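See structure below.
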Amino acid sequence: MKPGSPEWDLVKSQVREALEEYGCFEALFDPILELRKAVLGALQEVFDLPLQTKKLCVSDKPFRGYSCPPSGVLQSMTVDDAHIAENIEQCLTTGLWPQGNISFRYIKLWHLFTQLASELEKTILKMILESFGLGKYMDELTDIANYQLRIIKYEKPKANKQTIGIPAHCSDTNMLILLYQNEVNGLEIQNKDGEWMNTKWMNTKFSPNYFIVIIGECLSIWLNGRLSSPYHRVMMKGNEDRYSLALFATVSGGYMVKFPTELVDDKNPMLFKPHDHEEFLNYLSSQVAKGVVKSGDLISHLKTYCAV
Ligand SMILES: O=C(O)CCC(=O)C(=O)O
Ligand SMILES: [Fe+2]
């Protein structure tokens with residue numbers, strides 16, 4: 001799709017409409033089909049490793065590395081700047097397979113996945129910016145982009161009872177989230193009337209070539225509150241494990257997230273102070289450590305942090 005073509009303009013207006021109404025949409029993206037089997041197979045192999053091995057995937061930055069919250073339903077591994085293959089290599093090779101070998105296949109796969117998904121993300125971001133007449137900021141936001149890749153496993157419920165995979169939250173503190181999953185549905189997104197819509201609502205038949213795209217808090221703040229991040233959660237039922245890959249497109253530390261002046265006028269006062277995103281994550285992590293912030297909190301920590 002060429003920027004400026006009639007098709008581009010049509011999709012751009014659909015993206016804007018969907019984000020205003022739901023804060024999310026489904027994007028069909030065929031190039032991902034080539035990687036699907038290998039990428040999902042690799043996820044399964046990684047999460048099948050012993051717990052002590054997975055725990056070796058660590059990071060000195062908060063909310064990266066291996067994580068397994070107490071519920072035991074969910075496990076995840078997050079790599080920062082995953083568009084740089086060495087970062088995936090460092091997480092997998094030094095952490096999980098010090099002897100190399102097997103990990104090189106995964107590095108290539110996840111790097112390719114990140115590259116493909118980030119291309120899609122850039123197209124979507126460009127459409128969003130253009131729809132607000134802010135296309136000139138695209139280069140700046142591309143320069144400071146950080147693509148975090150999170151791989152996630154949700155255990156199938158025990159005793160066939162529905163369980164919570166991730167509690168409801170609207171607090172993904174990034175620009176855009178692109179979610180890709182195996183055939184086990186479970187993601188639910190809340191609409192403006194407070195009703196939970198599952199992925200079936202978005203796609204009556206599961207299709208292996210789609211991403212769910214959700215707007216994150218950081219972009220909502222950058223847009224001075226013009227679009228909002230929807231509450232979403234993962235509910236597990238049935239007798240199969242769910243695997244998903246989340247590409248969190250975020251901003252690099254050191255960059256001050258500040259909305260463009262075009263978005264402020266007499267009718268639209270400034271709602272948020274500029275912030276350095278990495279500083280915010282350090283602050284949030286200290287609040288989690290103190291027990292002040294808990295998983296399942298229904299507030300937007302970033303918006304509270306930046307509110308004027
Ligand atoms: O796995 C999914 O589909 C959702 C993941 C999610 O919402 C998150 O990691 O914040
Ligand atoms: Fe989320």
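Computed over heavy atoms, backbone and side chain alike; hydrogens, waters and symmetry mates excluded. In this text the structure is predicted, and so the values were computed from the model without any measurement. All residue numbers in this chain count up from 1 along the given sequence. All ligand and atom numbering here is 1-based and tracks the order in the structure.
Taking every heavy atom of Leu179 and a limit of under 4.0 angstrom, the matching atoms of ligand 1 come to 2 (C), 3 (O), 4 (C), 5 (C). In summary, the atoms of ligand 1 found under 4.0 Å from a heavy atom of Ser244, numbered by their order in the structure, are 1 (O), 2 (C). Atoms of ligand 1 lying under 4.0 Å from any heavy atom of His169, numbered from 1 in the order shown and given with element: 7 (O), 8 (C), 10 (O). Listed by number with element, the atoms of ligand 1 under 4.0 angstrom from any heavy atom of Ile166 are 5 (C), 6 (C), 8 (C), 9 (O). Taking every heavy atom of Arg150 and a limit of under 4.0 angstrom, the matching atoms of ligand 1 come to 9 (O). When each atom of ligand 1 is checked for a heavy atom of Phe248 under 4.0 Å away, the hits are 8 (C), 9 (O), 10 (O). The His232 neighbourhood of ligand 1 comprises atoms 7 (O), with distances under 4.0 Å to a heavy atom of that residue.
Applying the ring pair (Phe, Tyr, Trp, His ring centres under 6.0 Å) test to Tyr147 and every residue at least two apart in sequence or in another chain returns His83. Partners of Tyr243 under the ring pair (Phe, Tyr, Trp, His ring centres under 6.0 Å) rule, at least two apart in sequence or in another chain, do not exist in this structure.
Among protein atoms, those of element N, O or S found less than 2.8 Å away from the Fe ion (ligand 2) are His169 NE2, Asp172 OD2, His232 NE2.
For residues 119-133, every residue pair satisfying the salt bridge (Lys or Arg N to Asp or Glu O under 4.0 Å) rule, not counting sequence neighbours, is listed here: Lys12-Glu130, Glu119-Lys122, Lys126-Glu130.
Residue contact check for ligand 1: Arg242 places a non-hydrogen atom closer than 4.0 Å to it.
Side-chain atoms of Leu125 and Leu219, non-hydrogen and from C-beta on, do get closer than 4.5 Å to each other. In this structure the side chain of Met175 never reaches within 4.5 angstrom of the side chain of Phe248, judged on heavy atoms.
Contact annotation: for Val234 versus ligand 1, heavy atoms closer than 4.0 Å belong to the side chain alone. Neither the backbone nor the side chain of Ile212 comes within contact range of ligand 1; no heavy atom lies under 4.0 Å. Heavy atoms of Gln181 found under 4.0 angstrom from ligand 1: none, in either backbone or side chain. With a heavy-atom cut-off of 4.0 Å, Ala246 does not touch ligand 1 at all.
Ion pair Lys153/Glu155 flagged as a salt bridge, since at least one NZ, NE, NH1 or NH2 atom sits closer than 4.0 Å to an Asp/Glu carboxylate oxygen.
A distance of 6.0 Å or more separates the ring centres of Phe272 and Trp222. Remark: aromatic rings of Tyr210 and Phe29 are distant, center separation not under 6.0 Å.
In this structure, Phe211 is a member of the same hydrophobic cluster as Val15, with clusters built from ILVMFWY side-chain heavy atoms closer than 4.5 Å. By the criterion of side-chain heavy atoms lying less than 4.5 angstrom apart, applied directly or through intervening Ile, Leu, Val, Met, Phe, Trp or Tyr residues, Ile84 is not grouped with Leu109; the two fall into different hydrophobic clusters.
From Ser285, atom OG reaches atom CZ of Phe280 across 10.5 Å, with rounding to the nearest 0.5 Å.
Below 30°, between 30° and 60°, or above 60°: for Phe113 and Tyr180 the angle between ring planes is between 30° and 60°, a tilted geometry.
Looking at atom 1 (O) of ligand 1, its nearest protein heavy atom turns out to be Tyr154 OH, 2.5 Å.
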